[in-house]
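What follows is a single structure, written as structure tokens, with notes after it.
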Amino acid sequence: MSVSTHLLRCTGCGERIKPGEARSNFRCRSCADLFEVEYPWSESAEGQTQEPYSASRPVAKNRPNPGALRYLWQERKTSTLSIDQSGVWRFRDLLPIVADDRVVTLREGNTPLYEMPRAAEAVGMNWLLAKHQGMNPTGSFKDTGMTAALSVAVSGGFEWVACASTGNTSAAMAAYAARAGLRSLVLIPEGQIAWGKLSQAMDYGSTTVQLRTDFDGCVRVLAEIVERAPVYLLNSVNPYRLEGQKTPAFELLEQMEWQVAHHVIVPGGNLANVSALGKGFAEMKQLGFIRRVPKMSVIQAEGANPLYRWLEKGGQGQLEPVVAETRASAIRIGNPASWKKAARVIAATGGWCEQVNEREIALAKAEIGAEGIGCEPASAVTLAGLKKLVAAGRVGREETAVLLLTGHTLKDPEYTIQYHRGELLTEAEMAGASESELARHAALRHEPVVLDAQADAVLRVLDSFGGARA
């Protein structure tokens with residue numbers, strides 16, 4: 001399909017514009033809402049009448065052939081071309097946004113789908129899966145969106161790209177900009193970013209500026225910068241980011257042999273990820289790959305929960321920003337840009353939005369680590385939130401759920417070390433824990449032991465754990 005066939009459609013008023021007509025902040029001139037990429041076969045395109053989330057099977061006009069594409073996508077896995085080895089551009093037939101020779105890739109995507117037997121038992125389910133987007137090149141799901149949007153920047157002839165970030169976006173943008181030979185600017189809130197993430201942006205050569213504000217303040221400053229200078233905005237308001245970030249939905253379906261999970265659980269920060277995945281699943285149904293979509297649920301940290309609060313109040317009117325405060329720095333966002341898109345996906349698929357506290361996040365992170373997988377704190381909200389959804393009867397024991405783990409465990413090693421040393425949570429945060437929960441924390445903590453350099457001393461430690469001697 002030609003790259004000239006797509007349009008940008010405002011998700012608020014429905015206005016359509018050509019790609020080159022977008023403002024530097026990617027906001028609609030008429031209503032200031034966000035855009036999404038629309039193709040001739042998209043559900044929203046003229047002549048398409050079926051709702052992608054409805055029970056009836058859609059028959060999309062101008063659609064690609066599902067059977068042929070499934071075969072083609074598998075065949076590309078055996079190719080030596082970098083564009084085919086990418087887990088995003090392998091699906092380029094459904095994101096024709098740039099010419100093949102303008103693609104910037106680090107062979108992102110193709111991330112593993114893990115079974116989680118211990119976590120399933122802890123939650124009270126028979127079967128639980130985790131799609132680990134932290135296994136991308138820079139260690140987070142942001143790579144799938146960045147390869148798409150930065151390729152558009154290259155195609156547009158930009159020399160500078162920029163983002164405001166809590167960490168993962170900056171690492172991804174800096175890496176892909178370096179790969180493309182572009183210059184990059186990162187705005188981060190001073191003292192509110194994990195050093196592991198900041199070090200990545202620095203290592204990839206980005207101009208990194210710490211501002212004395214929070215993430216939302218960085219966004220405001222960046223909005224003015226892109227208005228005043230020829231700098232391409234790469235935050236998730238950029239609709240091309242979401243085109244890349246929808247592809248894990250395709251990948252997940254492929255890994256599950258085109259069987260649809262009952263539930264997909266996603267962390268909630270700026271809320272673009274659930275919006276992108278919802279778009280991906282909807283397109284799969286619209287094009288006839290699947291007959292239904294999974295229920296999409298978002299989990300937010302209790303201290304950064306504007307969408308949860310909005311929905312609890314009835315989901316009417318404008319979302320009220322909050323002063324975000326959580327150790328899960330990747331989702332420490334009080335005024336999420338994509339909240340309307342996310343709310344639509346949750347409502348349309350029959351999902352939920354839940355909140356979890358710091359103690360619940362820490363325990364869930366340790367439980368995921370005990371599976372030998374690990375993740376950054378923000379990813380762990382999915383397991384913590386799933387526990388609540390199961391307890392409330394919203395997710396059944398016999399159903400299949402997939403956790404979206406968005407970041408690698410090495411993204412925030414200080415958090416992990418503090419947890420295992422018993423230094424992470426305050427007395428007030430632990431005060432509400434039940435005896436069983438306290439026991440679970442104690443069993444999962446593994447503080448390093450310092451000993452003299454003697455074999456007998458080490459063996460005595462082994463004996464305390466059940467022994468290793470015959």
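Numbering starts at 1 and runs along the sequence shown. Everything numeric here is computed off the predicted structure, so don't read it as measured data. These numbers come from the heavy atoms of this one structure, side chains and all, not from hydrogens, waters or symmetry mates.
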Q.
Take a 6.0 Å sphere around CD of Gln316 and say whether it holds more than 12 heavy atoms from other residues, nucleotides or ligands.
A. no
Q | Residues, nucleotides or ligands: over 12 heavy atoms within 6.0 Å of Met256 CE | A | yes
If the threshold is 4.0 Å, N to carboxylate O, is there a salt bridge linking [X] and [Y]?
X      : Y      : value
Glu429 : Arg327 : yes
Glu360 : Lys387 : no
Lys246 : Glu283 : yes
Arg76  : Asp93  : yes
Asp84  : Lys77  : no
Arg16  : Glu38  : yes
Glu224 : Arg228 : yes

Q | Phe35 six-ring face occupied by Arg9 cation (under 6.0 Å, within 45°) | A | no
With ring centroids as reference points, do [X] and [Y] lie under 6.0 angstrom apart?
X      : Y      : result
Trp160 : Tyr232 : no
His6   : Tyr240 : yes
Phe289 : Trp73  : yes

Q. Per the side chain to side chain donor-acceptor pair (under 3.5 Å) rule, which among Gln133, Arg90, Lys131 passes with Glu251?
A. Lys131
Q. Judged by modelled atom types alone, do Gln74 and Glu254 share a side-chain donor-acceptor pair under 3.5 Å?
A. yes
